[in-house]
Amino acid sequence: MAACSVYSTQSLNTSCFISTPSNTNHGFHQKQVVFYTTSKRGTNTVTPYVIKCAAGNSQTVVIGLAADSGCGKSTFMRRLTSVFGGKAEPPKGGNPDSNTLISDTTTVICLDDYHSLDRTGRKEKGVTALDPRANDFDLMYEQVKAIKDGISVQKPIYNHVSGLLDPPELIKPPKILVIEGLHPMYDARVRDLLDFSIYLDISNEVKFAWKIQRDMAERGHSLESIKASIEARKPDFDAYIDPQKQYADAVIEVLPTQLIPDDNEGKILRVRLIQKEGVKNFSPVYLFDDGSTISWIPCGRKLTCSYPGIKFAYGPDTYFGNEVSVVEMDGEFDRLDELIYVESHLSNLSSKFYGEVTQQMLKHADFPGSNNGTGLFQTIVGLKIRDLYEQLVATRAQTPVRSSKV
(Lines give C-alpha, C1' and ligand atoms only; values in the text may rest on other atoms or scores of the structure.)
Protein backbone atom coordinates (compact mmCIF):
# COMPACT_ATOMS: atom_id res chain seq x y z
CA MET A 1 0.00 0.00 0.00
CA ALA A 2 1.22 3.52 -0.69
CA ALA A 3 1.09 6.21 1.95
CA CYS A 4 0.51 9.56 0.26
CA SER A 5 0.77 13.07 1.66
CA VAL A 6 -0.99 15.61 -0.55
CA TYR A 7 0.17 19.21 -0.29
CA SER A 8 -2.48 21.32 -2.00
CA THR A 9 -5.56 23.32 -1.03
CA GLN A 10 -5.89 25.50 -4.11
CA SER A 11 -7.25 24.85 -7.60
CA LEU A 12 -4.67 22.98 -9.66
CA ASN A 13 -5.23 24.44 -13.12
CA THR A 14 -1.97 24.37 -15.01
CA SER A 15 0.73 21.73 -15.22
CA CYS A 16 1.96 18.71 -13.32
CA PHE A 17 4.68 16.10 -13.49
CA ILE A 18 5.90 13.05 -11.60
CA SER A 19 9.45 13.41 -10.41
CA THR A 20 12.01 10.65 -10.48
CA PRO A 21 12.50 8.67 -7.25
CA SER A 22 14.64 10.42 -4.68
CA ASN A 23 16.46 8.81 -1.79
CA THR A 24 15.22 10.20 1.52
CA ASN A 25 17.26 10.57 4.69
CA HIS A 26 15.29 7.66 6.17
CA GLY A 27 16.76 5.06 3.81
CA PHE A 28 13.63 4.83 1.64
CA HIS A 29 12.72 5.93 -1.87
CA GLN A 30 9.66 8.07 -2.40
CA LYS A 31 8.10 9.73 -5.47
CA GLN A 32 6.71 13.24 -5.72
CA VAL A 33 3.93 14.52 -7.94
CA VAL A 34 4.37 18.27 -8.34
CA PHE A 35 1.61 20.55 -9.58
CA TYR A 36 2.19 24.20 -10.56
CA THR A 37 -0.49 26.85 -10.63
CA THR A 38 -0.40 30.61 -11.04
CA SER A 39 -1.21 32.41 -7.82
CA LYS A 40 -3.08 35.37 -9.36
CA ARG A 41 -4.47 36.19 -12.79
CA GLY A 42 -2.11 38.33 -14.81
CA THR A 43 1.05 37.54 -12.82
CA ASN A 44 3.99 35.31 -13.62
CA THR A 45 4.19 33.83 -10.11
CA VAL A 46 3.81 30.08 -9.86
CA THR A 47 3.20 28.06 -6.71
CA PRO A 48 4.16 24.37 -6.50
CA TYR A 49 1.93 21.78 -4.85
CA VAL A 50 3.43 18.41 -4.03
CA ILE A 51 1.95 14.95 -3.62
CA LYS A 52 4.45 12.67 -1.88
CA CYS A 53 3.87 8.92 -1.94
CA ALA A 54 5.81 6.36 0.05
CA ALA A 55 5.29 2.63 -0.07
CA GLY A 56 4.39 1.20 3.31
CA ASN A 57 1.48 0.89 5.70
CA SER A 58 -0.44 4.15 5.92
CA GLN A 59 -2.27 3.01 9.04
CA THR A 60 0.64 2.71 11.48
CA VAL A 61 -0.56 3.43 15.00
CA VAL A 62 2.10 4.49 17.49
CA ILE A 63 1.95 3.43 21.15
CA GLY A 64 4.35 4.74 23.80
CA LEU A 65 5.31 2.76 26.89
CA ALA A 66 7.44 4.48 29.52
CA ALA A 67 9.04 2.95 32.59
CA ASP A 68 12.33 2.73 34.41
CA SER A 69 14.66 -0.20 33.84
CA GLY A 70 13.42 -3.48 35.31
CA CYS A 71 9.80 -2.38 35.71
CA GLY A 72 8.02 -4.94 33.54
CA LYS A 73 8.11 -3.42 30.04
CA SER A 74 9.16 -6.71 28.43
CA THR A 75 6.33 -8.65 30.08
CA PHE A 76 3.82 -6.01 29.05
CA MET A 77 5.06 -6.23 25.45
CA ARG A 78 4.57 -9.99 25.40
CA ARG A 79 1.03 -9.63 26.73
CA LEU A 80 0.21 -6.92 24.19
CA THR A 81 1.60 -8.91 21.28
CA SER A 82 -0.42 -11.94 22.37
CA VAL A 83 -3.66 -9.94 22.28
CA PHE A 84 -3.05 -9.23 18.58
CA GLY A 85 -1.96 -12.78 17.87
CA GLY A 86 1.38 -14.11 16.78
CA LYS A 87 4.70 -14.24 18.55
CA ALA A 88 7.09 -11.30 18.72
CA GLU A 89 10.61 -12.27 17.71
CA PRO A 90 13.88 -10.47 16.86
CA PRO A 91 14.38 -9.54 13.19
CA LYS A 92 15.29 -12.69 11.26
CA GLY A 93 18.84 -12.80 9.98
CA GLY A 94 19.76 -9.58 11.74
CA ASN A 95 21.94 -8.60 14.66
CA PRO A 96 21.47 -11.25 17.40
CA ASP A 97 21.76 -8.44 19.97
CA SER A 98 18.93 -6.43 18.39
CA ASN A 99 16.41 -5.02 20.87
CA THR A 100 13.58 -5.03 18.31
CA LEU A 101 10.67 -7.47 18.43
CA ILE A 102 8.51 -8.07 15.36
CA SER A 103 5.22 -9.96 14.97
CA ASP A 104 2.61 -10.04 12.21
CA THR A 105 0.94 -6.91 13.59
CA THR A 106 3.36 -5.15 15.90
CA THR A 107 6.92 -3.91 15.90
CA VAL A 108 8.44 -3.01 19.26
CA ILE A 109 11.51 -0.82 19.29
CA CYS A 110 13.54 -0.06 22.38
CA LEU A 111 14.37 3.61 22.81
CA ASP A 112 17.75 2.66 24.26
CA ASP A 113 18.70 2.40 20.59
CA TYR A 114 18.67 6.20 20.48
CA HIS A 115 21.43 6.56 23.03
CA SER A 116 23.87 9.05 21.56
CA LEU A 117 26.62 7.89 23.92
CA ASP A 118 27.81 4.35 24.46
CA ARG A 119 28.59 3.00 27.92
CA THR A 120 32.16 4.32 27.86
CA GLY A 121 31.03 7.71 26.57
CA ARG A 122 28.53 8.07 29.40
CA LYS A 123 31.20 7.28 31.97
CA GLU A 124 33.56 9.80 30.45
CA LYS A 125 30.94 12.55 30.51
CA GLY A 126 29.56 11.55 33.91
CA VAL A 127 25.96 11.05 32.76
CA THR A 128 23.52 8.16 33.02
CA ALA A 129 21.38 6.73 30.22
CA LEU A 130 18.43 8.56 31.77
CA ASP A 131 19.99 11.95 31.11
CA PRO A 132 18.60 13.57 27.93
CA ARG A 133 22.16 14.54 26.98
CA ALA A 134 22.90 10.84 26.43
CA ASN A 135 20.06 10.44 23.91
CA ASP A 136 19.40 11.62 20.34
CA PHE A 137 15.84 12.97 20.44
CA ASP A 138 16.10 14.58 17.00
CA LEU A 139 16.76 11.20 15.39
CA MET A 140 14.12 9.54 17.55
CA TYR A 141 11.51 12.03 16.39
CA GLU A 142 12.51 11.87 12.72
CA GLN A 143 12.42 8.08 12.60
CA VAL A 144 9.21 7.56 14.59
CA LYS A 145 7.50 10.15 12.38
CA ALA A 146 8.83 8.47 9.25
CA ILE A 147 7.54 5.06 10.35
CA LYS A 148 4.17 6.55 11.20
CA ASP A 149 4.08 8.09 7.72
CA GLY A 150 4.80 4.70 6.12
CA ILE A 151 8.52 5.14 5.49
CA SER A 152 11.15 2.55 6.41
CA VAL A 153 14.15 3.68 8.46
CA GLN A 154 17.64 2.51 9.34
CA LYS A 155 17.40 2.50 13.12
CA PRO A 156 20.55 2.35 15.26
CA ILE A 157 21.10 -0.47 17.75
CA TYR A 158 22.38 -0.08 21.30
CA ASN A 159 24.09 -3.31 22.31
CA HIS A 160 23.25 -4.02 25.96
CA VAL A 161 25.90 -6.74 26.10
CA SER A 162 28.89 -4.75 24.87
CA GLY A 163 27.58 -1.29 25.76
CA LEU A 164 28.46 -0.12 22.23
CA LEU A 165 26.41 1.38 19.41
CA ASP A 166 26.08 -1.28 16.68
CA PRO A 167 25.36 -0.71 12.96
CA PRO A 168 21.71 0.14 12.20
CA GLU A 169 18.92 -2.22 11.20
CA LEU A 170 16.04 -1.78 8.75
CA ILE A 171 12.65 -1.13 10.36
CA LYS A 172 9.62 -1.31 8.06
CA PRO A 173 6.31 0.37 8.98
CA PRO A 174 4.08 -2.10 10.88
CA LYS A 175 0.39 -1.86 11.66
CA ILE A 176 1.30 -0.97 15.24
CA LEU A 177 4.59 0.53 16.36
CA VAL A 178 5.36 0.38 20.07
CA ILE A 179 8.18 2.57 21.34
CA GLU A 180 9.20 1.44 24.78
CA GLY A 181 11.85 2.72 27.11
CA LEU A 182 12.89 5.57 29.32
CA HIS A 183 11.81 8.58 27.25
CA PRO A 184 8.80 7.99 24.94
CA MET A 185 6.97 11.02 26.38
CA TYR A 186 9.92 13.23 27.27
CA ASP A 187 10.25 15.08 23.96
CA ALA A 188 7.08 17.01 23.04
CA ARG A 189 7.56 16.25 19.33
CA VAL A 190 7.66 12.50 19.92
CA ARG A 191 4.83 12.75 22.44
CA ASP A 192 2.60 14.36 19.82
CA LEU A 193 3.12 11.37 17.51
CA LEU A 194 1.67 8.92 20.05
CA ASP A 195 -1.84 7.59 19.54
CA PHE A 196 -1.85 6.19 23.07
CA SER A 197 0.60 6.22 25.96
CA ILE A 198 1.16 4.07 29.05
CA TYR A 199 3.39 4.60 32.06
CA LEU A 200 4.40 1.75 34.39
CA ASP A 201 4.82 3.42 37.78
CA ILE A 202 6.56 1.07 40.18
CA SER A 203 7.10 2.20 43.77
CA ASN A 204 10.67 2.30 45.05
CA GLU A 205 10.15 -0.69 47.36
CA VAL A 206 8.71 -2.90 44.61
CA LYS A 207 11.17 -1.66 41.99
CA PHE A 208 14.11 -2.61 44.19
CA ALA A 209 12.80 -6.15 44.67
CA TRP A 210 12.12 -6.59 40.95
CA LYS A 211 15.47 -5.21 39.84
CA ILE A 212 17.36 -7.47 42.23
CA GLN A 213 15.48 -10.49 40.91
CA ARG A 214 16.10 -9.62 37.25
CA ASP A 215 19.66 -8.32 37.37
CA MET A 216 20.99 -11.00 39.71
CA ALA A 217 19.25 -13.92 38.02
CA GLU A 218 19.45 -12.85 34.36
CA ARG A 219 22.44 -10.52 34.14
CA GLY A 220 24.73 -11.83 36.88
CA HIS A 221 24.98 -8.55 38.78
CA SER A 222 25.85 -8.51 42.47
CA LEU A 223 23.49 -7.14 45.12
CA GLU A 224 25.94 -4.35 45.92
CA SER A 225 26.22 -3.25 42.28
CA ILE A 226 22.42 -3.24 41.91
CA LYS A 227 21.99 -1.06 45.00
CA ALA A 228 24.68 1.32 43.76
CA SER A 229 23.07 1.50 40.32
CA ILE A 230 19.65 2.33 41.79
CA GLU A 231 21.04 5.09 43.97
CA ALA A 232 23.08 6.55 41.11
CA ARG A 233 20.06 6.60 38.80
CA LYS A 234 17.52 7.98 41.26
CA PRO A 235 18.20 11.74 40.80
CA ASP A 236 17.95 11.43 37.01
CA PHE A 237 14.89 9.19 37.28
CA ASP A 238 13.13 11.78 39.42
CA ALA A 239 14.14 14.59 37.06
CA TYR A 240 13.58 13.04 33.62
CA ILE A 241 11.58 9.79 33.75
CA ASP A 242 9.01 10.08 36.52
CA PRO A 243 7.49 13.39 35.27
CA GLN A 244 6.40 11.67 32.05
CA LYS A 245 3.52 9.93 33.84
CA GLN A 246 1.56 13.19 33.83
CA TYR A 247 1.23 12.83 30.03
CA ALA A 248 0.17 9.17 30.01
CA ASP A 249 -3.30 8.10 28.95
CA ALA A 250 -3.08 5.12 31.30
CA VAL A 251 -0.84 4.51 34.31
CA ILE A 252 -0.33 1.12 35.98
CA GLU A 253 0.81 1.97 39.49
CA VAL A 254 2.35 -0.83 41.59
CA LEU A 255 2.51 -0.38 45.37
CA PRO A 256 3.04 -2.52 48.49
CA THR A 257 -0.11 -4.16 49.84
CA GLN A 258 -2.39 -2.50 52.35
CA LEU A 259 -3.89 -5.85 53.36
CA ILE A 260 -0.96 -6.68 55.67
CA PRO A 261 -0.14 -3.98 58.26
CA ASP A 262 3.47 -2.76 58.05
CA ASP A 263 4.33 -5.28 55.35
CA ASN A 264 7.99 -5.05 54.31
CA GLU A 265 8.36 -8.11 52.10
CA GLY A 266 6.79 -6.64 48.97
CA LYS A 267 5.48 -9.99 47.75
CA ILE A 268 1.81 -9.00 47.86
CA LEU A 269 1.04 -6.03 45.62
CA ARG A 270 -1.59 -3.30 45.38
CA VAL A 271 -2.00 -2.29 41.74
CA ARG A 272 -3.95 0.69 40.42
CA LEU A 273 -5.05 1.24 36.81
CA ILE A 274 -5.32 5.01 36.39
CA GLN A 275 -7.22 5.90 33.20
CA LYS A 276 -7.46 9.42 31.84
CA GLU A 277 -10.94 10.59 30.91
CA GLY A 278 -11.66 12.20 27.56
CA VAL A 279 -9.02 10.35 25.52
CA LYS A 280 -10.16 9.85 21.95
CA ASN A 281 -11.01 6.24 21.06
CA PHE A 282 -10.52 5.13 24.69
CA SER A 283 -13.22 4.44 27.26
CA PRO A 284 -12.02 3.63 30.81
CA VAL A 285 -12.78 0.26 32.34
CA TYR A 286 -15.04 0.40 35.38
CA LEU A 287 -16.28 -1.86 38.16
CA PHE A 288 -20.03 -2.38 38.64
CA ASP A 289 -21.31 1.16 37.97
CA ASP A 290 -19.61 3.82 35.85
CA GLY A 291 -18.63 6.85 37.93
CA SER A 292 -19.53 5.38 41.33
CA THR A 293 -17.14 4.75 44.20
CA ILE A 294 -16.88 1.03 44.93
CA SER A 295 -15.06 -1.11 47.49
CA TRP A 296 -15.43 -4.85 46.83
CA ILE A 297 -14.09 -7.96 48.55
CA PRO A 298 -14.98 -10.83 46.16
CA CYS A 299 -13.55 -13.66 48.28
CA GLY A 300 -16.06 -16.32 49.17
CA ARG A 301 -18.03 -18.94 47.32
CA LYS A 302 -16.97 -17.91 43.80
CA LEU A 303 -13.40 -16.77 44.37
CA THR A 304 -10.83 -18.68 46.41
CA CYS A 305 -8.65 -16.40 48.50
CA SER A 306 -5.75 -17.31 50.74
CA TYR A 307 -4.44 -14.89 53.37
CA PRO A 308 -4.47 -11.89 53.16
CA GLY A 309 -7.31 -12.05 50.64
CA ILE A 310 -8.23 -9.80 47.70
CA LYS A 311 -9.79 -6.37 47.63
CA PHE A 312 -10.95 -4.32 44.64
CA ALA A 313 -11.80 -0.65 44.50
CA TYR A 314 -13.05 1.74 41.81
CA GLY A 315 -13.91 5.39 41.56
CA PRO A 316 -13.25 8.78 40.00
CA ASP A 317 -10.18 10.80 40.96
CA THR A 318 -7.83 13.51 39.73
CA TYR A 319 -4.26 12.87 38.57
CA PHE A 320 -1.92 15.75 37.71
CA GLY A 321 -4.98 17.95 37.25
CA ASN A 322 -6.72 15.49 34.92
CA GLU A 323 -9.99 13.66 35.61
CA VAL A 324 -9.33 9.93 35.81
CA SER A 325 -11.07 6.67 36.63
CA VAL A 326 -9.16 4.27 38.88
CA VAL A 327 -9.58 0.52 39.23
CA GLU A 328 -7.53 -1.06 42.01
CA MET A 329 -6.65 -4.61 43.01
CA ASP A 330 -4.85 -5.54 46.23
CA GLY A 331 -3.85 -9.17 46.77
CA GLU A 332 -3.29 -12.30 44.67
CA PHE A 333 -5.41 -14.85 42.83
CA ASP A 334 -5.18 -18.44 44.05
CA ARG A 335 -6.85 -19.87 40.92
CA LEU A 336 -6.71 -18.03 37.61
CA ASP A 337 -9.65 -20.00 36.22
CA GLU A 338 -11.82 -18.23 38.82
CA LEU A 339 -10.80 -14.84 37.43
CA ILE A 340 -13.81 -14.97 35.15
CA TYR A 341 -15.97 -14.15 38.19
CA VAL A 342 -14.08 -10.86 38.59
CA GLU A 343 -14.07 -10.27 34.84
CA SER A 344 -17.87 -10.54 34.74
CA HIS A 345 -18.11 -7.53 37.07
CA LEU A 346 -15.80 -5.31 34.98
CA SER A 347 -17.26 -3.29 32.10
CA ASN A 348 -15.79 -1.55 29.03
CA LEU A 349 -13.12 -4.26 28.70
CA SER A 350 -13.12 -4.10 24.88
CA SER A 351 -12.94 -7.89 24.81
CA LYS A 352 -14.12 -9.81 21.74
CA PHE A 353 -15.97 -12.44 23.76
CA TYR A 354 -16.99 -13.27 27.31
CA GLY A 355 -14.00 -14.57 29.24
CA GLU A 356 -11.26 -13.24 26.93
CA VAL A 357 -9.38 -11.58 29.80
CA THR A 358 -9.38 -14.84 31.74
CA GLN A 359 -8.30 -16.75 28.65
CA GLN A 360 -5.34 -14.40 28.10
CA MET A 361 -4.31 -14.65 31.75
CA LEU A 362 -4.45 -18.46 31.70
CA LYS A 363 -2.52 -18.51 28.43
CA HIS A 364 0.36 -16.69 30.10
CA ALA A 365 0.06 -18.01 33.64
CA ASP A 366 3.86 -18.32 33.81
CA PHE A 367 4.43 -14.60 33.09
CA PRO A 368 5.46 -12.40 36.04
CA GLY A 369 2.45 -10.79 37.71
CA SER A 370 -0.11 -13.26 36.37
CA ASN A 371 -1.54 -13.86 39.85
CA ASN A 372 -2.01 -10.17 40.72
CA GLY A 373 -3.12 -6.82 39.39
CA THR A 374 -0.04 -6.21 37.25
CA GLY A 375 -0.91 -9.04 34.87
CA LEU A 376 -4.64 -8.30 35.01
CA PHE A 377 -4.30 -4.62 34.17
CA GLN A 378 -1.59 -5.15 31.55
CA THR A 379 -3.95 -7.58 29.81
CA ILE A 380 -6.86 -5.15 30.02
CA VAL A 381 -4.77 -2.30 28.62
CA GLY A 382 -3.70 -4.60 25.78
CA LEU A 383 -7.36 -5.19 24.89
CA LYS A 384 -8.03 -1.44 25.02
CA ILE A 385 -5.09 -0.77 22.67
CA ARG A 386 -6.46 -3.34 20.21
CA ASP A 387 -9.82 -1.61 20.29
CA LEU A 388 -8.20 1.80 19.86
CA TYR A 389 -6.22 0.53 16.87
CA GLU A 390 -9.34 -0.85 15.21
CA GLN A 391 -11.19 2.43 15.75
CA LEU A 392 -8.32 4.47 14.33
CA VAL A 393 -8.01 2.27 11.25
CA ALA A 394 -11.76 2.49 10.62
CA THR A 395 -11.70 6.27 11.03
CA ARG A 396 -8.71 6.81 8.78
CA ALA A 397 -10.24 4.65 6.08
CA GLN A 398 -13.14 7.10 5.89
CA THR A 399 -11.07 10.29 6.14
CA PRO A 400 -10.02 12.16 2.97
CA VAL A 401 -6.30 12.62 2.37
CA ARG A 402 -4.96 15.67 4.23
CA SER A 403 -3.72 18.52 2.07
CA SER A 404 -1.68 21.67 2.41
CA LYS A 405 0.43 24.01 0.31
CA VAL A 406 4.20 23.62 0.04
Side-chain angles (χ1 to χ4, degrees), residues 62-77 80 99 108-119 121-123 125-141 144 158 160 163 178-194 196-215 219 221 225-256 271-274 276 319-322 324 369 374 377-378 381:
V62 183
I63 307 297
L65 174 65
D68 195 6
S69 174
C71 288
K73 295 189 297 294
S74 298
T75 301
F76 182 89
M77 288 300 97
L80 176 62
N99 304 305
V108 180
I109 62 174
C110 175
L111 296 185
D112 288 357
D113 289 335
Y114 293 101
H115 289 339
S116 56
L117 299 173
D118 60 19
R119 192 174 295 157
R122 294 196 300 270
K123 288 182 179 179
K125 291 186 176 295
V127 299
T128 71
L130 292 77
D131 193 309
R133 293 174 295 175
N135 297 273
D136 190 343
F137 289 101
D138 289 339
L139 182 61
M140 184 190 301
Y141 165 70
V144 173
Y158 177 76
H160 285 97
V178 183
I179 58 172
E180 61 91 0
L182 299 170
H183 301 99
M185 292 172 269
Y186 179 81
D187 187 288
R189 298 169 301 171
V190 179
R191 191 164 66 237
D192 288 343
L193 296 174
L194 302 179
F196 193 77
S197 54
I198 310 104
Y199 187 94
L200 302 183
D201 188 15
I202 316 301
S203 70
N204 290 332
E205 302 93 327
V206 175
K207 184 190 300 183
F208 183 68
W210 285 6
K211 195 167 179 64
I212 287 176
Q213 181 178 359
R214 187 199 69 173
D215 286 1
R219 299 184 178 179
H221 297 177
S225 67
I226 295 171
K227 289 181 178 179
S229 173
I230 291 174
E231 290 303 315
R233 292 166 61 92
K234 193 174 187 309
D236 281 354
F237 172 80
D238 293 341
Y240 307 121
I241 312 305
D242 193 60
Q244 292 178 74
K245 63 189 179 187
Q246 65 185 299
Y247 304 116
D249 298 314
V251 175
I252 298 178
E253 186 178 52
V254 183
L255 305 159
V271 187
R272 305 173 77 227
L273 175 58
I274 304 168
K276 188 180 292 183
Y319 188 77
F320 288 97
N322 298 304
V324 297
T374 58
F377 293 147
Q378 286 178 4
V381 171

Sequence-distant partners of Asp201, salt bridge (Lys or Arg N to Asp or Glu O under 4.0 Å), two or more places apart
Lys245
Verdict with supporting geometry, Asn322 and Gln246, side-chain contact (heavy atoms from CB on, under 4.5 Å)
CA-CA 9 Å; Asn322 298 304; Gln246 65 185 299; 5.9 Å; no
For Asp249 and Ser197, indicate whether the former's side chain and the latter's backbone hold a donor-acceptor pair under 3.5 Å.
yes
Nearest heavy-atom approach of Tyr186 to Tyr240 is CD1-O, 3.6 Å
So how far is it from Tyr114 OH to Asp136 CG, rounded to the nearest 0.5 Å?
9.0 Å
State plainly whether the residues Asp68 and Arg233 are in salt-bridge range, i.e. N to O under 4.0 Å.
yes
Strictly distance-based, threshold 3.5 Å: is any side-chain N or O of Asn135 a donor or acceptor partner for the main-chain N or O of Ala129?
yes
Rounded to the nearest 0.5 Å, what separation is found between the CD1 atom of Ile198 and the CD1 atom of Ile274?
13.5 Å
Go through the steps to decide whether Ile252 and Val271 satisfy the test side-chain contact (heavy atoms from CB on, under 4.5 Å), and finish with yes or no.
CA-CA 7 Å; Ile252 298 178; Val271 187; 3.8 Å; yes
Just wondering, do Thr374 and Phe76 contact through their side chains at under 4.5 Å, heavy atoms?
no
Say you draw a straight line from CG of Leu255 to CG of Asn204; how long is it, rounded to the nearest 0.5 Å?
10.5 Å
Using the side-chain contact (heavy atoms from CB on, under 4.5 Å) rule, take His183 and Ile241 through it: C-alpha gap first, then chi angles, then the decisive distance, then the call.
CA-CA 7 Å; His183 301 99; Ile241 312 305; 3.5 Å; yes
Heavy-atom closest pair (Val381 atom, Phe196 atom, distance to 0.1 Å) is CG1-CE2, 4.5 Å
Quick check: closest heavy atoms across Ala232 and Pro235, and the distance to 0.1 Å?
O-CD, 3.6 Å
Do Pro256 and Ser203 come close enough that some side-chain heavy atom pair is under 4.5 Å?
yes
Show the numbers, then the answer: is there a side-chain contact (heavy atoms from CB on, under 4.5 Å) between Tyr199 and Asp242?
CA-CA 9 Å; Tyr199 187 94; Asp242 193 60; 3.5 Å; yes
Side chain of Arg119, backbone of His160: donor and acceptor closer than 3.5 Å?
yes
Partners meeting salt bridge (Lys or Arg N to Asp or Glu O under 4.0 Å) with Lys123 (sequence neighbours left out):
none
Locate the shortest heavy-atom distance separating Val190 from Pro184; write the atom from each residue and the value.
CG1-O, 3.6 Å
Taking the side chain as every heavy atom from C-beta outward, state whether Val251 and Val324 have any atom pair closer than 4.5 Å.
no
Which value, rounded to the nearest 0.5 Å, describes the distance between Leu200 atom CG and Lys73 atom NZ?
7.5 Å
Atom pair OH (Tyr141) and CG (Asp187), whose distance is rounded to the nearest 0.5 Å:
9.0 Å
Under 3.5 Å: donor-acceptor pair, side chain of Gln244, backbone of Met185:
yes
To the nearest 0.5 Å, atom CG of Leu117 lies from atom NZ of Lys125 at 6.5 Å
